[in-house]
Amino acid sequence: MRNNSSPRLVSVEMFNQVQRLAPILFTAICATALISGGCKKKSGDASDSGNSAPITGKVSDAPVSIKPSWKSGNKYLLRLERTQVGQPGAMGGGRHGGGPANNAPVETTYAQEYTLTITNAEAGNRGAELEITGMELQSGRGEETFINYDSQNKAAPRDQSNPISTAIVGALDKLIGGKVRYLLSADGTVQKVEGVNELFARADGTNAQPGGRAFAPSAMLRRTISEDTFKQMVELNGAPDNEMKVGESWPFNRLVDAPMAGKLSVNLTNTLRGWQEHDGVKCARVEFTGTVTSTGGGNAPGGGRITITDGQVSGHYWYDPAIGLSREMMLKQTYTVSGAGFGGGRNTNNAGGTNQFSSPVKESVSVKLLEVKPAG
C-alpha cells in the first residue's frame, strides 16, 4: 500500500489518531458480558461462527447458576479480537470546512493474547497475574496504512516513514511480557491492581515526532487505557447471585473508565436463552442488548473533547458450568464518536481550537478462553 501524505485538517488527523491509539477503548464492555478472553480466529467478525446447533431448554427446567469464577491453581490463556470501522464524515472547522479530500473509512483490527495465573491469598482472597503474550494491530484508510503490527512476526517489513507510527510499534513491542498483578476477593471483585504504571513505563524510549519534539508512548496509552481497563479484564461481577431459569433476564449497569471520553455508561439486559452446544461443549447461552454513552470529562489530546453517543450493543456468550467460565463471547456495537475544541496542529487557521469531527463507528468484538491448564 502506498503512503498518502496529502495535507489534511487537524480534525481528520485527530480522528485518525483516535483510531490508531485507542485499540481497546471499549474492551471494558466485554467484561459486562462476564468474559475475560478473546477469539482465536483471524477474521475479527463477531458472528456466530457458523454455529447452527439448536438452542434447547424450557421455562420449566431447573434453574442454573451462571456466576463465573477463577479457580486457584489454574493458568488461563485468553485472546481478544476487535474490528472497528469508522467513517470520518461531518468534519468542521477551518477554511477547508468538511471537504472530502480523503473520506475513506478508517479500519482498525486489534488482537491481544494474555495469560492469567490464579493463586491463593489470605482471608479467602486470590491473587492473579496477567501477562501480555501477544498483540496485533493493523490500521489503515483506503490505500494508506497507518500501522501493520504483529508481535509474533517481527521479520515482516515495517514502515519507517511515519515517526509516530514507528514509535507506537516500538511501544507495543515493549509491552509484550509486561505483567499486571491483582488481589481478588472471594466473589471475583478486584481489590487491588499493581503494575500498571510499570507496564506503561515499559512503552517509553527514545522517540521523537517530526521537528524534534519528544514523544512518550505511555502518555498516549494513558489517554486510552486506564487501571480500570485492566481491572475489567479480570473482574467477574456482572452475573446474578441467584440461579436463573430459561427465559429469565437481569440488568447490568456500570460506569466504565474511558480516559479520552471520561466515563462510559453501560446499561445491558441479559437473558438466559437456553442451552446450546458450542465447540463440542454443552453451554448456557446468554444473550444481551443495551446502550453505551459517554458522560463527559475526558482528557483527549490537544485539549479537545471526545464524546460517545447513540451507542447500541448486542451479543451473546456461552457459559460452561463445568469450568465456571464463559468459553466465548461475541458482540456487535455501533456508536458515534465526536470531537471538538482541538487547537493548533497543521491547520494554522484553527489556532482557536474549533476543529471538530463526527464519525459513525461499527465494531465487532469476540473474546474466547483458549486453554485452561495447571499453573506452573
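The figures that follow rest on heavy atoms only: side chains count, while hydrogens, waters and symmetry mates do not.
- When every heavy atom of I118 is checked against every heavy atom of R126, the shortest pair comes out as CG2-CD, 4.0 Å.
- Checked for salt-bridge contact, K245 and D61 miss the test: no charged N lies under 4.0 Å from a carboxylate O.
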From CA spacing to verdict: side chain to side chain donor-acceptor pair (under 3.5 Å), S366, K368: CA-CA 7 Å; S366 57; K368 190 173 185 178; over 6 Å; no

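- Between N253 and L268, the shortest heavy-atom contact is OD1-N, 4.2 Å.
- Considering only heavy atoms from C-beta on, T115 stays 4.5 Å or farther from L78 through its side chain.
- A salt bridge links E287 and R273; the closest N-O separation between the charged side-chain nitrogens and carboxylate oxygens is under 4.0 Å.
- Cluster membership check: Y319 shares its hydrophobic cluster with V64, using side-chain heavy-atom separations under 4.5 Å among Ile, Leu, Val, Met, Phe, Trp and Tyr.
- For E371, the CD atom counts as densely surrounded, since its 6.0 Å shell holds more than 12 non-hydrogen atoms of other residues, nucleotides or ligands.
- Here the SG atom belonging to C283 is positioned 11.0 Å from the CG atom belonging to L325, to the nearest 0.5 angstrom.
- A donor-acceptor contact shorter than 3.5 Å is absent between the side chain of R285 and the backbone of L272.
- E235 and R254 are joined by a salt bridge, as a carboxylate oxygen and a charged side-chain nitrogen come within less than 4.0 angstrom of each other.
- In this structure, a donor-acceptor pair under 3.5 Å is present between the side chains of K71 and S69.
- A donor-acceptor distance shorter than 3.5 angstrom exists from the side chain of S151 to the backbone of M135, with no hydrogens or angles considered.
- Put simply, the side chain of R82 does not reach to within 4.5 Å of the side chain of T109, judged on heavy atoms.
- K332 has no carboxylate O lying under 4.0 Å from a charged side-chain N of E363, or vice versa, which leaves the two without a salt bridge.
- Under a 3.5 Å cut-off, the side chain of R327 and the backbone N or O of D279 do not form any donor-acceptor pair.
- N74 and S72 share no side-chain donor-acceptor pair at under 3.5 Å.
- N125 and S185 are not linked by any side-chain donor-acceptor pair at a separation below 3.5 angstrom, with hydrogens and angles left out of the test.
- Counting heavy atoms from C-beta on, the side chains of Y182 and L130 come closer than 4.5 Å.
- Across V180, L77, L369, V234, a single residue satisfies side-chain contact (heavy atoms from CB on, under 4.5 Å) together with L116, and that is V234.
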Steps toward side chain to side chain donor-acceptor pair (under 3.5 Å) verdict (Y110, Q112): CA-CA 7 Å; Y110 172 78; Q112 178 177 318; 2.4 Å; yes

